[in-house]
Amino acid sequence: MVIRRVLAPRIDFGALRRELGLPEEFPPDAQREADEAASAPPRPPVDRTDVPFVTVDPATSRDLDQAMHLARRPGGGYRVRYAIADVAAHVRPGGALEAETWRRGQTIYLPDGNVPLHPHTLSEGAASLLPDDDRAAVVWTIDLDADGGTVAVELERALVRSRAKLDYTGVQAAAEAGRLPDPIALLPEIGELLTARGLRRGAINLPLPEQDLEPDGEGWQLVLRAPVPMEEHNAQISLLTGMAAADIMLAGRVGLLRTMPAPKPEAVQRLRAAAAPLGVHWPDEVGPGQVIAGLDASQPRAAAFIDQAAELMRGAAYTAFDGAVPEQPEHGGVAATYAHVTAPLRRLADRYATEVCLALHAGQPVPDWARAALPRLPEVMASTDRTASAAARGAVELAEAAVLEHRVGETFDAAVLDVDAPPNGRSRPRPPGGTVALDAPPVRARCLGQLPLGERVRVRLVTADPAARTVLFELA
């Protein structure tokens, strides 16, 4: 759902690309390997093209990692089939393409075009689960009971064929009209069950609207979006698969987990202390995830509370292990053990974690090339995660400054999302302030002044500098 949008002028993202050192063309030998793989795509011996898979992604995406098919099981419960692009079948271990993907780590998304992990001949071509073409995939079959609990997991390489490329907006409209296609007709039902199970475990999801940039003629639209319910349901299928992958690797005592410490008690206590002043009801027996799930993020006080809750979600990392299970194997946001295996076209780690799962599930040795990669992956993924975050943040900051460049001195309606913590005597003193979210244009930026957390205020624009990607307000 689009909440607010505003037209931005022409923007050159070249300086941001250069600042981040983003690669451009693939080296010739890596591109050649990709083209050769695309010209002779693998055909697994198991054929699942009779299963009517569909993909659900943003409308403009062509790097389609996942396709799903959902059905009821005879006697009760559900069968989730989740086909993941078999990238390892297209990338030769030890080759030039593998080496280049290690340099890139993951796909970096910018408004004027992505910097892909794999050449487009694979990522948006032969390896992508585009509709009406046979594709090599790793198919997860996960059986659930009537309450959404996992009762069985199967994993295989198979040939699949997606029947349709669906997008979130269209799928949400179809769900509201009661006309979801058969392969995903059960997605709201299963998604709600899995969400409820997660909340009972203590899972935490922060549903703040996201800022994004979309092309609009010769300019750009700065957009603030709230996720639609079908996006959350779709994400639950990916989380379900990631938890199944973690179970396989932990049982085999080798693999790569996505980990995050559980929220620290003092952080939960600070958030609880902020609840009452912000008008958020928090019963003693209820966890933070359940409180957040009941809030409307479009309301200023709720948005401020959710912004404060981000403090609970610190320390996410990749944890490799071989022989001994990690002391802290869980992901605090998921409230379970979890692994990344569902986006191998866009994330390097998923290719290797998937290969470990395939071998362990089949009772075979993990391939040497996959096992040797595990201890090196956390550092590469951490580094490229920082780059991806800097690219996304930098692009929005540049657009915000460009939109406001000629409006210095004007005043705007805003909500206060965050307020600086009091100085502790060790940090350098700075003027009081915090973060505000404008009603229009959809900008989040620093504001100086004694700000009332979660309240609506009027703010005056002091600085809007596209070259420095800086926007600053003061309390009016």
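All values below were derived from every heavy atom in this structure, side-chain atoms included, with hydrogens, water molecules and symmetry-related copies excluded.
- Closest non-hydrogen pair, A476 versus T411, comes out as CB-CG2, 4.2 Å.
- Side-chain contact between V462 and V408: absent, with no pair of heavy atoms (C-beta onward) separated by less than 4.5 Å.
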message: As a quick check of understanding, evaluate side chain to side chain contact (heavy atoms under 4.5 Å, CB included) for L358 and L155, giving each step before the final call.
response: CA-CA 7 Å; L358 282 163; L155 182 58; 3.7 Å; yes
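- A salt bridge does not link R253 with D322: none of the charged nitrogens is closer than 4.0 Å to a carboxylate oxygen.
- A salt bridge links R456 with D439: the distance from a Lys NZ or Arg NE/NH1/NH2 to an Asp or Glu carboxylate oxygen falls below 4.0 Å.
- The heavy-atom pair separating G113 from R17 by the smallest distance is O-NH2, 2.7 Å.
- Side chain of D65 to main chain of L345: a donor-acceptor pair is present (N/O by atom type, distance under 3.5 Å, no hydrogens or angles).
- For the pair E455 and P300, the minimum side-chain heavy-atom distance is 4.5 Å or more.
- Residues I237 and L187 are in side-chain contact: their nearest non-hydrogen atoms beyond the backbone lie under 4.5 Å apart.
- Remark: R200 does not engage D147 in a salt bridge, criterion side-chain N to carboxylate O under 4.0 Å.
- Counting all heavy atoms, side chain and backbone alike, L451 lies closest to C447 at CD1-O, 3.6 Å.
- Note that OG of S128 is 3.5 Å distant from CG of L64, once rounded to the nearest 0.5 Å.
- By the neighbour-count criterion of 12 heavy atoms within 6.0 Å, atom CD of E266 is densely surrounded, having more than that number from other residues, nucleotides or ligands.
- A salt bridge links E19 with R469; the closest basic N to acidic carboxylate O contact falls under 4.0 Å.
- At distances below 3.5 Å, not a single donor-acceptor pair connects side-chain atoms of S238 with backbone N or O atoms of A235.
- More than 12 non-hydrogen atoms from other residues, nucleotides or ligands lie less than 6.0 angstrom from CD of E410.
- Summarising the geometry of A390 relative to L20, their closest heavy-atom pair is CB-CD2, 3.8 Å, with the distance given to 0.1 Å.
- The distance from the CZ atom of R347 to the CE atom of M381 is 7.0 Å, given to the nearest 0.5 Å.
- Listed for the T107 side chain is a donor-acceptor partner under 3.5 Å among the backbone atoms of L117.
- At least one donor-acceptor pair under 3.5 Å links the side chain of Q106 to the backbone N or O of T384.
- Under 3.5 Å, the side chains of H361 and E154 contain a donor-acceptor pair of N or O atoms.
- Here the CZ atom belonging to R103 is positioned 9.0 Å from the CZ atom belonging to F26, to the nearest 0.5 angstrom.
- Scanning all heavy atoms of the two residues, the minimum distance from V153 to A244 falls at CG2-CB, 4.1 Å.
- Remark: I204 CD1 to L312 CG distance equals 5.0 Å, nearest 0.5 Å.
- Proximity of a side-chain donor or acceptor of D465 to a complementary backbone N or O of T470 within less than 3.5 Å is not detected.
- Looking at D420 and R446, a side-chain N of the basic residue comes within less than 4.0 Å of a carboxylate O on the acidic one, giving a salt bridge.
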E311 and R314: CA distance, side-chain angles, deciding distance, salt bridge (Lys or Arg N to Asp or Glu O under 4.0 Å) verdict: CA-CA 6 Å; E311 188 64 28; R314 303 293 185 192; 3.2 Å; yes
field: Steps toward side chain to side chain contact (heavy atoms under 4.5 Å, CB included) verdict (L144, L240)
entry: CA-CA 10 Å; L144 307 177; L240 173 72; 4.0 Å; yes
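- Between the side chain of K165 and the main chain of A59, a donor-acceptor pair closer than 3.5 Å is present.
- Here CZ of F321 is found 4.5 Å from CG of L257. Values are rounded to the nearest 0.5 Å.
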Worked verdict on T337 versus L250 for side chain to side chain contact (heavy atoms under 4.5 Å, CB included): CA-CA 9 Å; T337 54; L250 286 166; 3.6 Å; yes
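- Remark: side-chain polar atoms of E231 are paired, donor with acceptor, to backbone N or O of V228 under 3.5 angstrom.
- Side chain of E232 to backbone of P227: no donor-acceptor contact under 3.5 angstrom is found.
- Of the candidates Y352, Y82, W140, W140 is the only one forming a side-chain contact (heavy atoms from CB on, under 4.5 Å) with V341.
- Heavy-atom minimum distance, G333 versus H331: N-ND1, 3.0 Å.
- Checking D385 against Y318 by side-chain atom types alone, no donor-acceptor pair falls below 3.5 Å.
- The backbone N or O of E330 lies less than 3.5 Å from a partner atom in the side chain of Q328, making a donor-acceptor pair.
- Interatomic distance, F305 CZ to W282 CH2, rounded to the nearest 0.5 Å: 5.0 Å.
- Taking 4.5 Å as the limit, some side-chain heavy atom of L398 sits within range of a side-chain heavy atom of P466.
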task: Evaluate side chain to side chain contact (heavy atoms under 4.5 Å, CB included) for F412 paired with L404, printing each intermediate quantity in order.
output: CA-CA 11 Å; F412 302 83; L404 294 170; 4.0 Å; yes
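- Judged by distance alone, the side chain of E98 and the main-chain N or O of P93 form no donor-acceptor pair under 3.5 Å.
- Within a 6.0 Å sphere centred on CD of E189, heavy atoms belonging to other residues, nucleotides or ligands number more than 12.
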